[in-house]
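For reference, the structure is listed below as structure tokens.
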Amino acid sequence: MLRKLSLALILSGLSAVTFAETTLLNVSYDVMRDFYKDYNPAFAKYYDAKFSDKVTIQQSHGGSSKQARSVIDGLEADVVTMNMSTDIDAIVEKGKQINAGWDKKFPNEAAPFSSLQVLIVRKGNPKGIKDWNDLAKAGVQVVVPNPKTSGNGRYTFLAAWGAALKQNGGNEAKAREFTQAIFANVPVLDAGGRAATTTFMQRQIGDVLVTFENEAEMIAREFGRGNFEVIYPSVSIDADLPVAVVDKVVDKKGSRKVATEYLNYLWSVPGQEIAAQNYLRPRNTAVAAKYAKQFPAIKLFGVADFGGLKAAQKKFFDDGAIYDQIAADIAKKK
Amino acid sequence: MSTAINNLNNKVVTTESAWVRYLLTGLALLLIAILLIVPLLSVFYEALHQGWGLYKDALIESDALSAIQLTLIVAAISLPLNLVFGVAAAWAIAKFDFKGKSILVTLIDLPFAVSPVVAGLIYVLLFGAHGWWGAWLMDNDIKIIFAVPGIVLATVFVTFPFVARELIPLMEAQGSDEEQAALVLGASGWQTFWHVTLPNIKWGLLYGVILANARAMGEFGAVSVISGHIRGMTNTIPLHVEILYNEYNFVAAFACASILALLALLTLALKSYVEWRTEQQAIEDRKHAIEAV
């Protein structure tokens with residue numbers, strides 16, 4: 001009996017591993033799973049109609065940089081969909097599975113949609129938080145994921161820094177002082193965006209959570225719209241969410257065509273609509289106009305203002321760079 | 001003779017006054033309630049408080065099913081491996097003397113000393129795309145990490161010591177007199193093992209396997225590093241629980257967690273039964289020994 005059972009188990013295990021049809025593995029970051037849950041069936045339908053070929057898409061989710069590391073170590077992703085171009089650059093440089101120039105292969109520097117950092121406060125906004133300045137005030141607790149491990153946290157850091165630069169006519173010393181004041185108000189640094197949300201909503205720690213606009217929508221769906229308020233600051237950072245085909249894997253598997261189609265379809269009208277429905281800001285102007293109501297127009301600056309993400313990474317987030325210095329200063333004062 | 005033994009067992013061995021004993025017992029029970037029982041109950045509460053239907057749906061969802069399936073497959077492969085290895089190692093260590101025996105004992109304990117995350121990373125370093133054997137594996141299209149073989153490897157590593165650790169003291173205590181008698185009476189090596197050694201160690205062996213099984217199904221760290229987290233492909237139950245939790249899918253997360261908790265309770269019950277049997281056997285052995293004298 002036991003033998004029969006274990007044999008059946010092993011056989012069923014094998015059958016789960018073997019598949020005849022086309023499969024794609026999309027290695028993505030944490031908060032994108034809701035979008036791809038909607039997008040994958042739509043794409044499979046489109047691809048079947050166009051090429052009469054059934055495609056199965058597998059998903060792997062985790063922290064953006066951790067996922068990039070897995071691809072470097074040999075996780076055979078056909079496509080990667082990340083929240084920072086530096087994570088894809090890491091695969092280009094360290095793993096060499098993606099060829100340089102990946103950001104020229106698709107429009108908009110290979111970022112089919114974008115998001116921006118917003119402020120989420122408790123119901124009724126008891127601390128009266130309106131803009132970045134309020135985050136630096138004494139007695140305000142700010143929940144942010146760790147910029148060292150999370151793209152979400154890095155965008156927050158850059159957003160605060162950029163906002164301070166704009167206010168102080170480009171004075172870097174002032175920007176540093178301001179950003180340090182905000183991070184001094186952070187009670188817990190979670191490793192990723194999802195963990196930060198759980199800290200704020202589930203554990204009820206902090207007065208304000210800084211996270212992506214689309215994450216705010218997820219919170220609304222999970223925790224109810226009445227439980228918090230979304231505050232759009234006067235200025236924020238434009239977070240481009242890039243995608244790339246993993247050249248080495250698709251050449252080996254012969255899946256370049258379907259992988260390229262998969263990413264191209266992100267720019268199609270249905271793809272952009274699904275993005276908008278998941279509160280990702282679409283590129284397509286017609287779709288953007290249709291959903292304009294849910295995306296308040298605010299002033300944005302891009303990572304280009306920092307000389308690109310690579311330069312920003314080096315200046316702010318590498319070991320011993322400005323973020324580490326600020327963290328050390330805060331620790332000293334405590 | 002046997003009544004004398006029972007009397008010895010029942011004799012009071014503490015001299016503290018009654019209230020000290022009750023206080024200490026009460027404290028221990030309170031701690032157990034707070035640290036063990038309340039969390040365990042909360043798992044089942046969170047899983048079931050929105051109704052039986054949602055609980056069932058969470059468990060028959062295809063990703064959950066494949067996580068359960070993968071966990072069972074991994075346990076089904078790694079347990080026999082550990083069983084054979086554990087018996088062989090314990091047999092060699094307990095019944096024979098050879099050079100380097102203490103080194104072997106230390107090596108068997110290694111997985112207990114190493115953090116599971118490190119165990120996972122070791123395999124990434126060996127079999128990863130840029131690891132020692134990564135290029136060769138890739139050329140021959142053999143997948144180890146981010147696939148089932150890697151998960152099995154990591155699980156075997158972390159559950160390695162359980163069976164051997166359980167058997168070594170038992171076999172050492174039993175000595176090799178009975179085996180020697182069997183050999184003198186003309187039994188072959190295999191017959192000696194099958195008819196003499198194995199019946200003597202069966203409860204200890206089962207105990208080791210139960211512990212190894214609990215660890216194999218519950219392992220998170222080592223498997224997390226090596227799995228690649230592909231939904232419906234390389235997620236075991238513990239990994240699936242984490243993903244569901246991060247998706248705010250608390251009911252499903254706790255439903256899957258409750259499967260692990262149920263497994264733990266079952267393990268506990270089995271373990272207590274086996275412990276009881278082992279004790280019975282020890283008492284009988286003692287009786288035989290005394291009667292023989």
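Throughout, protein chains are lettered first and strands after them, A, B, ... in sequence-line order, and every chain is numbered starting at 1. Only this structure's heavy atoms are used, side chains among them; waters, hydrogens and symmetry mates stay out.
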B:Lys143, NZ atom: more than 12 neighbouring heavy atoms under 6.0 Å: no
Contact origin within B:Ile230 toward chain A - heavy atom pairs under 4.5 Å: both
Winner by heavy-atom pair count (cut-off under 4.5 Å) against chain A, out of B:Ala129, B:Gly131, B:Gly134: B:Ala129
Closest non-hydrogen atom pair between A:Asp73 and B:Ile145, with its separation: O-CD1, 3.6 Å
Within-4.5 Å side-chain heavy-atom neighbours: B:Asp141 and A:Lys252: yes
Residue A:Lys37 versus chain B: region with a heavy atom under 4.5 Å: side chain
Nearest non-hydrogen partners of A:Ser60 and B:Gly228, listed with the distance: OG-O, 2.6 Å
Heavy-atom closest pair, residues B:His130 and A:Ile72: CD2-O, 3.0 Å
Side chain to side chain contact (heavy atoms under 4.5 Å, CB included) partners for B:Leu48, two or more places apart: B:Trp52, B:Tyr55
Contact class of A:Leu75 relative to chain B, heavy atoms under 4.5 angstrom: both
Approximate separation, where rounding is to 0.5 Å, of A:Glu76 CD and B:Met138 CE: 6.0 Å
Atom NZ of A:Lys94 with >12 non-hydrogen neighbours under 6.0 angstrom: no
Criterion side chain to side chain contact (heavy atoms under 4.5 Å, CB included) on A:Lys66 and B:His229, from CA distance to verdict: CA-CA 11 Å; A:Lys66 189 185 102 190; B:His229 303 274; 3.9 Å; yes
Nearest heavy-atom neighbours spanning B:Tyr245 and A:Thr198: OH-CG2, 3.8 Å
pair B:Ile243-A:Arg33: side-chain heavy atoms closer than 4.5 Å: yes
Interchain contact, B:Leu137 with chain A, by part (heavy-atom threshold 4.5 Å): neither
